[in-house]
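Along the sequence shown, the residues carry numbers beginning at 1.
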Amino acid sequence: MPVGRLPLALATAAFCLSFLVLCFANPWTYDGYNWLRDDIPDASSLRSEAPQNALNKDDFSWDSISPSKDLIWHSCYLNKHCAKLKVPLDYKNSDASLASASIAMVRIHSNVSHESPSYRGPILFNPGGPGGSGVDSMLQRGALLSTIVGPEFDLIGFDPRGVGRSVPRVSIYKSRAERALRMAVDSRFISLNHSADSLARGWARGILDGQLAGERDDGNLRFINTDHTARDMLRIVEAHGLEKLQYWGFSYGTVLGATFAAMFPDKVGRLVIDGVVDSENYYTTDWSDGLIDTENAWMSFVNGCVAAGRQGCPFFAPTAAEILAKVDDLYASLRARPIPVNTELSSGLVDFSTLRSKIFLALYSPYATFPTLAQALADLSNGNGTALFTMRAEPAFECACDSSEYQFEEIIDAGGAIMCNDGKKISSKYEDLLAHYEEMSGDFKWADMWEQIRFTCLAWPDFPKDHFQGPFVANTSFPLLMVGNTADPVTPLWAAKKMSRGFAGSVVLTQDSPGHCSLAAPSICTQKHIRRYFLDGILPEPGTVCDVDGSIFPDPGTNNLEQQAQAILSVSAEDRNLMGTVWELAKSFDIRFPGYL
Ligand SMILES: *[C@@H]1O[C@H](CO)[C@@H](O)[C@H](O)[C@H]1NC(C)=O
Ligand SMILES: *[C@@H]1O[C@H](CO)[C@@H](O)[C@H](O)[C@H]1NC(C)=O
Ligand SMILES: *[C@@H]1O[C@H](CO)[C@@H](O)[C@H](O)[C@H]1NC(C)=O
Ligand SMILES: *[C@@H]1O[C@H](CO)[C@@H](O)[C@H](O)[C@H]1NC(C)=O
């Protein structure tokens with residue numbers, strides 16, 4: 001969930017224009033529950049991709065569109081469409097109030113005409129976070145997602161209220177520089193096992209976040225929550241002249257999807273939630289059951305490296321126990337002597353926390369990052385920290401940037417606002433936080449990388465909690481499809497099964513893979529089930545388990561070219577196309593940490 005959010009990196013100036021992806025990969029900001037992000041396995045490879053990604057920046061001016069009550073699409077980003085829909089700021093006082101919010105969205109048009117009988121309407125997406133920008137993720141991943149769901153659908157990515165180009169936009173810092181400096185001085189994404197005072201410092205920082213949020217609230221902060229975003233989604237559906245929602249949400253997007261389904265059960269057309277969060281737990285601000293499978297995800301790296309052999313995995317050792325011992329040696333050695341690293345992009349230290357955080361984040365997207373991680377660990381054993389440092393590295397912050405270029409950037413502040421407004425108020429006492437952390441670290445080995453998410457909520461402004469917070473029980477007008485991986489580091493399969501019990505007729509599709517959300521691993525089987533659900537309304541049989549197509553590390557048994565060629569020829573052209581798509585997504589998939597200031 002919520003670790004580092006990317007925004008800080010965004011702070012990076014003109015550089016960001018061409019390195020948007022890079023910018024997005026801010027390590028401070030891992031986002032617990034977000035995953036449609038560009039992954040940054042290796043900064044050098046980004047350089048060649050940069051010009052393409054530059055298209056994603058706002059070469060189109062969002063200022064040129066005014067929000068309207070009716071849905072008016074404008075051409076943007078080559079062949080896409082953009083709109084801003086005017087919605088009530090406060091749904092509790094929607095008639096009386098003059099104040100409105102505006103929701104920014106981008107659409108990839110279906111490849112059939114809207115008059116064609118095969119046209120199937122829009123699917124809305126949410127990329128997680130909370131606080132992730134659906135517009136950005138659609139610009140980056142829309143073409144690939146369209147290949148999966150098929151040409152009959154429009155795809156719509158929207159920035160939830162509080163985020164990016166939507167208004168009001170949450171911003172707790174006065175400037176990009178202030179945000180960047182605060183993050184640099186007090187990094188959010190360090191291990192709570194970093195030093196003796198890490199937890200106490202994290203607590204104090206969290207209190208400060210809450211104080212700043214209260215002090216700098218322009219009066220709109222209280223209207224940023226998932227209940228209102230669910231209502232906004234219904235408005236988007238109605239503005240299309242439709243009655244029912246079609247939706248695919250990932251990670252935090254599953255909280256949004258489940259909230260919508262529980263609030264408006266008769267408005268569900270098709271609803272896929274993928275990388276399922278236990279929404280009940282989310283609304284308690286406890287964040288206590290995300291890590292059930294984290295160790296399994298980590299062991300999939302360890303065991304995968306053993307199985308790949310010396311040729312396939314640079315960090316190879318003959319047994320899992322030996323690999324784990326080598327990692328423990330690295331932890332101890334970095335505690336004793338952090339390694340200074342200086343690259344073209346930026347410079348800094350590789351220390352205990354760096355190693356913990358890079359490993360933890362790698363678990364989100366094993367197909368994109370495990371091979372790189374194995375090389376980085378091997379280099380680290382030889383005293384070279386460059387490769388590890390470079391994983392998800394972002395350029396150093398430059399103050400001399402034109403702030404108008406960043407007026408729409410997705411920033412971490414929104415994630416904190418959404419989750420703290422959504423969830424139950426928590427105690428701000430250090431002793432209570434300590435007790436919570438001790439319990440979490442007793443249960444989970446990766447609690448040192450997760451507990452931080454809640455800190456922003458410690459002293460969050462005390463708004464009335466009169467929004468929807470459950471129960472997640474409903475007979476929906478169409479059954480939900482839930483997707484869970486067997487070793488998802490932050491949204492365990494257990495949570496998908498738990499949530500499924502509340503929604504009559506819903507089915508859990510299991511993908512037998514590590515990684516956060518289905519797209520983190522290439523599975524034709526999973527994505528065909530998702531397409532069939534959207535297109536034909538067919539749910540998989542309960543208990544269906546999908547395998548993954550291909551392995552993370554080179555498989556010593558099948559590296560013979562003839563075998564590979566035969567495997568490729570044995571599938572249909574359609575499957576080959578889908579195979580390319582799922583691999584491309586898995587290789588570039590990234591999810592953010594949940595929203596933390
Ligand atoms: C869209 O339609 C055109 C023309 O029919 C076709 O050439 C193209 O391959 C289609 N694209 C997709 C993604 O289906
Ligand atoms: C902290 O890190 C050390 C290794 O340096 C490890 O032995 C210990 O179990 C960790 N403690 C927690 C609470 O994670
Ligand atoms: C460390 O590794 C990097 C590649 O990640 C390499 O370019 C560099 O030369 C290595 N440094 C030393 C001192 O070997
Ligand atoms: C769903 O439908 C069943 C059978 O009609 C009914 O017993 C149950 O109370 C309904 N649940 C909800 C939440 O409406």
Side-chain angles (χ1 to χ4, degrees), residues 1-6 27 29-37 39 126-132 188-189 191-192 249-258 273-301 356-370 392 415 418-419 423 440-441 443-455 482-499 510-511 513-521 586 589-596:
M1 310 197 183
V3 183
R5 245 173 147 89
L6 53 167
T29 68
Y30 75 124
D31 192 11
Y33 282 149
N34 187 333
W35 44 202
L36 268 188
R37 307 225 61 84
D39 192 45
N126 178 282
R188 302 316 201 248
F189 195 33
S191 164
L192 294 176
F250 303 87
S251 199
Y252 156 78
T254 69
V255 176
L256 177 57
I273 56 178
D274 184 339
V276 180
V277 175
D278 172 5
S279 287
E280 284 175 13
N281 187 265
Y282 168 86
Y283 278 101
T284 62
T285 322
D286 214 20
W287 293 83
S288 60
D289 59 17
L291 299 182
I292 290 174
D293 286 332
T294 320
E295 191 64 8
N296 292 338
W298 166 231
M299 289 310 293
S300 76
F301 172 84
R356 285 295 279 175
S357 59
K358 302 273 179 172
I359 292 177
F360 186 77
L361 289 181
L363 306 179
Y364 281 52
S365 45
Y367 285 77
T369 57
F370 279 5
R392 292 168 174 262
I418 295 166
M419 70 187 204
M440 283 286 284
S441 43
D443 289 346
F444 304 113
K445 287 188 183 161
W446 295 87
D448 61 316
M449 299 311 306
W450 194 243
E451 179 77 11
Q452 300 85 321
I453 299 172
R454 342 171 34 245
F455 291 1
M482 313 205 173
V483 188
N485 297 348
T486 48
D488 186 312
V490 292
T491 54
L493 184 56
W494 170 87
K497 292 180 176 164
K498 178 186 173 190
M499 291 301 292
T510 300
Q511 175 170 293
S513 80
H516 186 28
C517 305
S518 71
L519 295 175
F589 201 61
D590 186 21
I591 305 215
R592 276 197 305 164
F593 222 45
Y596 159 138

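With sequence neighbours excluded, no residue satisfies ring pair (Phe, Tyr, Trp, His ring centres under 6.0 Å) with Phe444. For Lys445, the salt bridge (charged side-chain N to carboxylate O under 4.0 Å, His left out) test picks out Glu295, with sequence neighbours left out. Tyr367 pairs by the ring pair (Phe, Tyr, Trp, His ring centres under 6.0 Å) definition with Trp583, not counting sequence neighbours. In terms of the side chain to side chain contact (heavy atoms under 4.5 Å, CB included) criterion, residue partners of Thr285 (sequence neighbours excluded) are, by chain and number, Trp287, Lys424, Ile426, Cys457. In this view, Ser513 and Gln511 satisfy the side chain to side chain donor-acceptor pair (under 3.5 Å) rule, not counting sequence neighbours. Taking Asp448 as the reference, Arg356 meet the salt bridge (charged side-chain N to carboxylate O under 4.0 Å, His left out) condition, with sequence neighbours excluded. Every side chain to side chain contact (heavy atoms under 4.5 Å, CB included) that Thr510 has, sequence neighbours left out, goes to Thr486, Leu493, Val508, Val545.
Within the 4.5 Å cutoff, no side-chain heavy atoms of Val276 are placed close to those of Trp494. Residues Ile359 and Phe301 form no side-chain contact, since every pair of their non-hydrogen atoms from C-beta on lies 4.5 Å or further apart. Contact check for Asn281 versus Ser288: side-chain heavy atoms found under the 4.5 Å cut-off. Under the 4.5 Å side-chain criterion, counting only non-hydrogen atoms from C-beta, Met499 is in contact with Ser279. Proximity of Ser300 to Phe370: side-chain heavy atoms (C-beta onward) are separated by under 4.5 Å at one or more points.
For the side-chain contact (heavy atoms from CB on, under 4.5 Å) criterion with Glu280, the lone passing option out of Val277, Asp278, Thr284 is Asp278.
By the 30° and 60° cut-offs, the orientation of the rings of Phe360 relative to Tyr364 is perpendicular. Relative ring orientation between Tyr282 and Tyr252 is described as tilted, the plane-to-plane angle lying within the 30° to 60° band.
Asp293 places no side-chain N or O within donor-acceptor distance of the main-chain N or O of Asn296, the cut-off being under 3.5 Å. A donor-acceptor contact shorter than 3.5 Å is absent between the side chain of Ser251 and the backbone of Gly128.
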